[in-house]
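The structure appears below as structure tokens.
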Amino acid sequence: MKSKAGGNVLASEASGGGGGSSSSPSPPPSPRRQSGVTRCRRRLRPAKESSESRRLVAVIMARRSLRYFFLLPLVYISGLLMCVGPFSVLIGHTPLPGSRYRSHEIFHNLWHHIETDNSSVIELASVWKYKRKLREQKPCPNLTALHREHFMSPGLNGFLIVEANGGLNQQRSAICNAVAVAGLLNAILVIPQFEFHNVWKDPSEFGDIYDEDLFISTLDGYVKVVKELPEALMERHNYNMSNITNIKVQAWSPVSYYLGVVSPILQKEGVIRIAPFANRLAMSVPPHIQFLRCLTNYKALRFSSSISALANKLVYRMIQKSSRTDGKYIAVHLRFEEDMVAFSCCVYDGGEAEKLEMDSVREKGWRGKFKRKDRIILPDLNRVEGKCPLTPLEVGMMLRGMGFDNNTAIYLASGKIYRAERYLAPLMKMFPYLYTKESLATSDELAPFMGYSSQLAALDYTVCLSSEVFVTTQGGNFPHFLMGHRRFLYDGHAKTIIPDKRKLVVLLDNLSISWRAFKDQMEDMLSESDRKGIMVPRVRKINRKTSVYTYPLPECRCLQQSLANQIAHNLDALYNYNRTKA
């Protein structure tokens with residue numbers, strides 16, 4: 001692409017210059033003039049006048065340019081100061097509403113009202129009122145017929161190797177896309193490899209997180225999956241994966257790219273690598289390929305037996321702890337870990353000590369990235385735009401404002417909370433029945449998973465999936481995948497509270513707000529989350545927020561219906577078996 005662009009530039013210079021190669025018509029020849037001094041002088045005077053005029057114009061333009069050179073930066077800086085507000089106090093302007101963290105002051109002012117308020121307690125069983133309206137759908141094809149039409153001879157064109165990067169759910173996205181690409185290319189998929197990343201620092205392999213045998217058997221007949229390359233191919237490449245042709249694929253590449261560019265290379269080489277492999281396939285694919293994504297995400301990917309065993313214990317213990325609310329609980333995905341707070345560049349109530357600590361964390365984790373001259377850090381603006389992680393206190397006030405009382409059991413899905421003793425205290429004051437995987441499991445039960453961030457995240461994922469209410473506070477792959485999974489399980493409803501953080505920070509910056517006024521706003525926010533929980537975006541943009549992983553219906557409807565029928569059949573069989581035994 002660069003060479004092409006360079007060629008165009010050279011061509012334009014050649015044609016735009018004063019040479020004879022120009023294709024424009026030449027001017028007519030000038031009439032012959034008689035020689036003489038007088039005529040020469042007569043010809044030179046206009047040239048002199050013209051030269052002086054040009055010089056005068058140049059001086060004027062230079063002065064104007066110089067004026068703009070000094071003026072524009074002043075306008076930019078003054079606009080920055082006036083609009084953003086970090087230095088607004090110095091120039092006499094009040095800060096933007098919501099730009100300061102004063103939630104702890106609001107909590108102190110309203111605590112008496114929060115503690116004694118039992119006027120509008122909401123039952124967990126009746127939180128979600130909106131129901132998904134089912135439009136008339138095409139009848140689902142028989143899965144056997146689908147298999148015969150598209151997947152009769154899987155894996156004829158060679159082997160596909162992918163390297164999934166990122167955390168648990170970014171890897172999950174890569175796995176689903178890898179199966180789809182293998183189906184598209186009619187390739188044999190080698191069990192995906194996981195790239196070790198210095199942020200997550202998790203050396204887990206596929207089989208440590210997922211059930212390999214179930215993955216292979218579920219996809220059998222659709223996409224052939226093997227655990228490793230055949231010996232002959234490994235020998236041909238000197239037992240070194242890096243010797244295998246690696247294709248750099250751009251993000252969100254369309255089907256046409258894979259069929260037109262990648263497929264011929266696969267057929268020629270017999271094996272290819274695509275690394276890194278995250279979001280390398282467009283969302284818009286043929287229905288039978290989209291079905292592979294659904295099949296992989298909701299049936300083939302089941303956590304390993306060790307993870308599932310402990311995760312199911314945690315769910316059971318949460319149900320026991322939620323006896324006051326009929327076994328129903330809230331799960332909160334809280335992103336208030338030290339690295340998240342540092343990366344957000346937001347300011348809380350820790351003063352100079354917090355600033356020094358966060359500067360140190362940023363320097364250690366990102367090595368000068370935040371000190372570059374071209375990087376402008378505006379904490380106040382970040383907060384106004386809803387980009388700051390919610391504190392445990394803010395989550396607690398929001399939930400109490402929505403009507404959840406202090407008998408509600410809450411599961412906290414999170415890493416190590418920043419200054420946990422200080423920031424968790426108000427949340428525990430509002431919701432004393434607060435649990436984490438560390439408090440529900442014994443140290444011996446958790447020991448095999450310590451140091452493996454993806455495996456710990458898988459435990460949180462399972463407990464959140466089974467909650468009656470899920471609360472997301474900061475975005476990311478975890479909540480997007482979880483909301484999609486919940487829509488798949490709960491008839492199209494995400495059953496998720498998505499805070500309007502831009503609205504929330506303004507409310508929590510108003511020291512004179514009453515508890516009643518705050519509650520009214522929170523009840524509206526809950527109602528809006530209920531309404532949005534069943535929505536499906538009309539236009540599917542090529543990003544994770546509107547992907548099939550977040551909005552699985554209607555694309556995954558036929559698989560959902562098939563699994564529902566299978567579960568119903570199994571329950572009937574179990575019921576009949578128990579009757580005969582009785």
Side-chain angles (χ1 to χ4, degrees), residues 154-155 158-185 187-231 233-234 237 239-242 244 246-247 249 271-281 292-312 448-462 465 477-478 481-482 485 549:
F159 292 83
L160 173 65
I161 300 170
V162 301
E163 292 180 16
N165 56 343
L168 174 70
N169 290 285
Q170 187 167 317
Q171 290 171 348
R172 191 181 186 103
S173 170
I175 295 166
C176 296
N177 288 334
V179 173
V181 169
L184 194 62
L185 299 176
I188 299 171
L189 178 66
V190 181
I191 287 284
Q193 301 174 343
F194 291 163
E195 180 187 69
F196 181 82
H197 198 283
N198 60 0
V199 172
W200 290 275
K201 297 178 180 177
D202 188 341
S204 298
E205 297 181 357
F206 188 98
D208 299 321
I209 300 176
Y210 298 106
D211 185 332
E212 271 190 356
D213 293 331
L214 178 75
F215 181 74
I216 294 171
S217 62
T218 302
L219 295 173
D220 186 35
Y222 299 98
V223 170
K224 186 175 181 180
V225 182
V226 296
K227 294 185 179 181
E228 55 188 22
L229 280 177
E231 179 71 15
L233 277 176
M234 289 299 294
H237 294 90
Y239 298 92
N240 188 343
M241 284 288 188
S242 62
I244 297 172
N246 184 32
I247 302 176
V249 178
V271 56
I272 59 170
R273 289 170 56 230
I274 302 179
F277 191 81
N279 301 325
R280 290 301 185 266
L281 178 63
L292 290 178
R293 279 172 160 160
C294 300
L295 183 65
T296 305
N297 196 26
Y298 300 119
K299 191 175 181 182
L301 284 178
R302 187 173 68 189
F303 291 129
S304 64
S305 58
S306 58
I307 292 175
S308 295
L310 181 55
N312 291 334
F449 306 99
M450 300 308 293
Y452 299 95
S453 60
S454 291
Q455 296 184 43
L456 291 170
L459 296 175
D460 281 337
Y461 187 97
T462 305
L465 187 62
N477 285 303
F478 186 100
F481 263 83
L482 194 66
H485 208 152
Y549 306 123

Q) So do S173 and N177 actually touch side chain to side chain, heavy atoms under 4.5 Å? A) yes

Q: Would you mind telling me which of Q193, M241, Q171 makes a side chain to side chain contact (heavy atoms under 4.5 Å, CB included) with E163?
A: Q193

Q: Grab the two heavy atoms, one from G207 and one from S304, that are nearest each other, plus how far apart they are.
A: O-CB, 4.0 Å

(Q) Working to the nearest 0.5 angstrom, can you tell me the gap between S453 OG and D460 CG? (A) 11.0 Å

Q. Heavy atoms, side chains only, cut-off 4.5 Å: are T462 and F303 in contact?
A. yes

Q) Do I209 and Q455 have side chains that get closer than 4.5 Å, going by heavy atoms? A) yes

Q.
Ignoring hydrogens, what is the shortest heavy-atom contact between N246 and A275? Give both atom names and the distance.
A. OD1-N, 3.0 Å

Q: Might you point out which heavy atoms bring R273 and S242 nearest each other, and give the distance in Å?
A: NH1-CA, 3.8 Å

**Q.** Atom pair CD1 (I244) and CD1 (I161), whose distance is rounded to the nearest 0.5 Å
**A.** 4.0 Å

(Q) Quick check: do Y239 and L229 have side-chain heavy atoms less than 4.5 Å from each other? (A) no

Q: Provide the closest heavy-atom pair for A180 versus R293 in the form atom of the first, atom of the second, distance.
A: CB-CG, 4.0 Å

Q: Determine the minimum heavy-atom distance between V223 and A187, stating which atoms define it.
A: CG1-O, 4.2 Å

Q.
Less than 4.5 Å apart, side chain to side chain, heavy atoms only: is that true for L168 and F481?
A. no

Q: Nearest 0.5 Å please: distance from the CG atom of L281 over to the SG atom of C176.
A: 11.0 Å

Q: Among V226, L160, V162, find the one that has a side chain to side chain contact (heavy atoms under 4.5 Å, CB included) with V190.
A: V226

**Q.** Point-to-point distance, once rounded to the nearest 0.5 Å, from OG of S308 to OH of Y210
**A.** 11.0 Å

Q.
How long is the straight-line distance from CD1 of I191 back to NZ of K227, given to the nearest 0.5 Å?
A. 7.5 Å

(Q) Quick one, V249 and F277 - any side-chain contact, counting heavy atoms below 4.5 Å? (A) no

Q | Distance, nearest 0.5 Å, that separates CG of N312 from CD1 of I307 | A | 11.5 Å

Q: For side chain to side chain contact (heavy atoms under 4.5 Å, CB included), just list the numbers for E205 and F194, CA-CA rounded to whole Å, side-chain angles, deciding distance to a tenth of an Å, and then say yes or no.
A: CA-CA 6 Å; E205 297 181 357; F194 291 163; 5.6 Å; no

Q | Close side-chain approach of T218 and R302, heavy atoms under 4.5 Å | A | no

Q | Nearest heavy atoms of F206 and P192, plus distance in Å | A | CB-O, 3.8 Å

(Q) Are D208 and S454 packed together at the side-chain level, in the sense that at least one heavy-atom pair is separated by less than 4.5 angstrom? (A) no

Q: Go through the structure and list residues passing side chain to side chain donor-acceptor pair (under 3.5 Å) with N297, not counting sequence neighbours.
A: R172

